[in-house]
Amino acid sequence: FSYTDTQAGTPTITAASTSPSTITSATQQETVNAAAATQLVITNTAVTVATGVASGNITVQQQDPYGNPNTTDATRTVTLSSTSGGTVTFTPSSLSITNGSSSATFTYTDTQVGTPTLTAASTAPTTITSATQVETVNPATATSIAFVQGPPSSVTAGATFSPAVTVKVTDPYGNGVGSLSVTMSLTGTGTLTGGGAQTTAAGTGTATFSGLSVNQTGSKTITATVT
């Protein structure tokens with residue numbers, strides 16, 4: 001008989017008989033090696049990182065058509081890429097899977113919030129199927145706040161500012177930071193109405209104050225603060 005297997009390892013084959021009588025079975029341990037590599041696979045789960053912060057190690061493995069790690073091929077060069085529009089850093093910038101090993105690792109750093117797709121590809125020593133994985137990049141800690149739509153340069157005392165005042169809170173790379181509380185304060189005489197806490201929106205980092213007004217005339221300064 002012939003024997004075919006798709007799983008690398010050392011399986012034991014048994015030949016047994018109970019007819020016309022039960023006799024002692026024969027066993028033999030075989031060796032099944034991985035076939036030539038046909039694909040790259042990212043073996044760890046998708047990572048979630050903050051902008052500007054390196055991920056933990058991400059592992060790329062070369063496998064045969066049946067998912068067995070291949071350690072016998074010649075050294076394989078792996079190139080890395082990302083669909084992100086930010087500044088992307090792979091460390092190291094390219095990988096080599098050496099003979100005797102099935103995998104190599106790298107870390108990923110990005111400055112743009114989103115869900116970029118990472119691709120590990122190889123054309124040497126042979127072209128094999130690429131590996132892809134979608135990662136999650138969240139904003140880093142907020143570092144700045146700015147007016148998107150500032151207070152009007154002139155307004156009637158007691159009148160609501162129009163258009164509404166909008167601010168944006170961002171991380172060091174310009175990504176909006178959501179779920180933060182922003183308040184408005186007044187420097188100058190009079191009372192500011194409508195400056196109570198507003199929460200920045202997820203994704204954009206913006207907060208809008210639609211009911212601002214000041215009840216006295218004169219030069220004033222309106223300040224937005226993350227609280």
*asked:* Could you check whether any side-chain N or O of T83 sits under 3.5 Å from a backbone N or O of T117, counting only pairs where one atom can act as donor and the other as acceptor?
replied: yes
*Which atoms form the tightest heavy-atom contact between S55 and V47, and what is the distance?*
CB-CG2, 4.2 Å
*For the student: nearest non-hydrogen atoms of Y3 and P11, plus distance*: OH-CG, 3.5 Å
*asked:* Restricting to non-hydrogen atoms, name the atom on T199 and the atom on S179 that form the minimum distance, rounded to 0.1 Å.
replied: CG2-CA, 3.7 Å
*Heavy-atom distance under 4.5 Å between the side chains of I58 and I42, does that happen here?*
yes
For residues 139-162, which side-chain donor-acceptor pairs fall under 3.5 Å, sequence neighbours excluded?
{"residue": "S144", "atom": "OG", "partner": "T170", "partner atom": "OG1", "Å": "2.6"}

*Might you work through the side-chain contact (heavy atoms from CB on, under 4.5 Å) test for V169 and V182, ending with a clear yes or no?*
CA-CA 9 Å; V169 179; V182 178; 4.0 Å; yes
*Identify the heavy atoms of P65 and T38 that sit nearest to each other, and give their distance.*
N-OG1, 3.3 Å
_Between T166 and T208, is the side chain to side chain donor-acceptor pair (under 3.5 Å) condition met? List the steps._
CA-CA 4 Å; T166 301; T208 299; 3.2 Å; yes
*Calculate, to the nearest 0.5 Å, the distance between atoms CD and OG1 belonging to Q112 and T87 respectively.*
9.0 Å
*Hey, what do you get for CG (L212) to CE (M184), rounding to the nearest 0.5 Å?*
6.0 Å
*Is a side-chain donor or acceptor of D64 paired with a backbone partner of A37 at a separation under 3.5 angstrom?*
no
*Measure the OG1-CG distance between T105 and L95 for me, rounded to the nearest 0.5 Å.*
7.5 Å
*Quick one: does N175's side chain have a donor or acceptor within less than 3.5 Å of a partner on N138's backbone?*
no
What donor-acceptor contacts under 3.5 angstrom involve side-chain atoms of residues 121-133, with partners at least two apart or in another chain?
{"residue": "S122", "atom": "OG", "partner": "R76", "partner atom": "NH1", "Å": "3.0"}
{"residue": "S122", "atom": "OG", "partner": "T77", "partner atom": "O", "Å": "2.7"}
{"residue": "S122", "atom": "OG", "partner": "A124", "partner atom": "O", "Å": "3.2"}
{"residue": "T126", "atom": "OG1", "partner": "R76", "partner atom": "NH2", "Å": "2.9"}
{"residue": "Q133", "atom": "NE2", "partner": "N44", "partner atom": "O", "Å": "2.8"}

*Under 3.5 Å donor-acceptor, N215 side chain and L192 backbone*: no
*Is it the case that T89 and Y108 place a side-chain donor and acceptor less than 3.5 Å from each other?*
no
*asked:* Rounded to the nearest 0.5 Å, what separates atom OG1 in T43 from atom CD in Q61?
replied: 6.0 Å
*Are the side chain of N68 and the backbone N or O of A8 linked by a donor-acceptor pair below 3.5 Å?*
yes
*What closest approach, in Å, do K220 and T217 show between heavy atoms, and which atom pair accounts for it?*
NZ-O, 3.0 Å
_Closer than 3.5 angstrom, by distance alone: can the side chain of S101 be matched with the main-chain N or O of S103 as a donor-acceptor pair?_
yes
_In the structure I gave you, are the side-chain heavy atoms of I222 and L186 within less than 4.5 Å of one another anywhere?_
yes
*Would you name the heavy atoms of N70 and D73 that are closest together and state the gap between them?*
OD1-N, 2.9 Å
_Nearest-0.5 Å distance, CD of residue E30 to CG of residue N33_ = 12.0 Å
*Is it the case that more than 12 heavy atoms not belonging to Q29 sit under 6.0 Å from its CD atom?*
yes
_Nearest-0.5 Å distance, CD of residue Q198 to CZ of residue F209_ = 5.0 Å
*Only counting residues at least two apart or in another chain, list the ones meeting ring-ring contact (aromatic ring centres under 6.0 Å, His included) with F106.*
F90
*Are V32 and F1 connected in a single hydrophobic cluster, I mean Ile/Leu/Val/Met/Phe/Trp/Tyr linked by side-chain heavy atoms less than 4.5 Å apart?*
yes
_Flag, side chain of T200 to backbone of V177, donor-acceptor distance under 3.5 Å_ = yes
_I'd like to know if the side chain of D110 and the backbone of V113 have a donor-acceptor N/O pair within less than 3.5 Å._
no
*asked:* Please determine whether residues V226 and Y173 belong to a single hydrophobic cluster, defined as Ile, Leu, Val, Met, Phe, Trp and Tyr linked transitively by side-chain heavy-atom distances below 4.5 Å.
replied: no
*With a 3.5 Å cut-off and no angle check, do the side chains of T51 and D171 form a donor-acceptor pair?*
yes
*Is V78 linked to V88 within one hydrophobic cluster, defined over Ile, Leu, Val, Met, Phe, Trp and Tyr using a side-chain heavy-atom separation of less than 4.5 Å?*
yes
*For E135, does its backbone N or O pair with a side-chain atom of T115 as donor and acceptor, under 3.5 Å?*
no
*Is the backbone N or O of S21 less than 3.5 Å from a side-chain atom of S19, with the two atoms forming a donor-acceptor pair by type?*
no
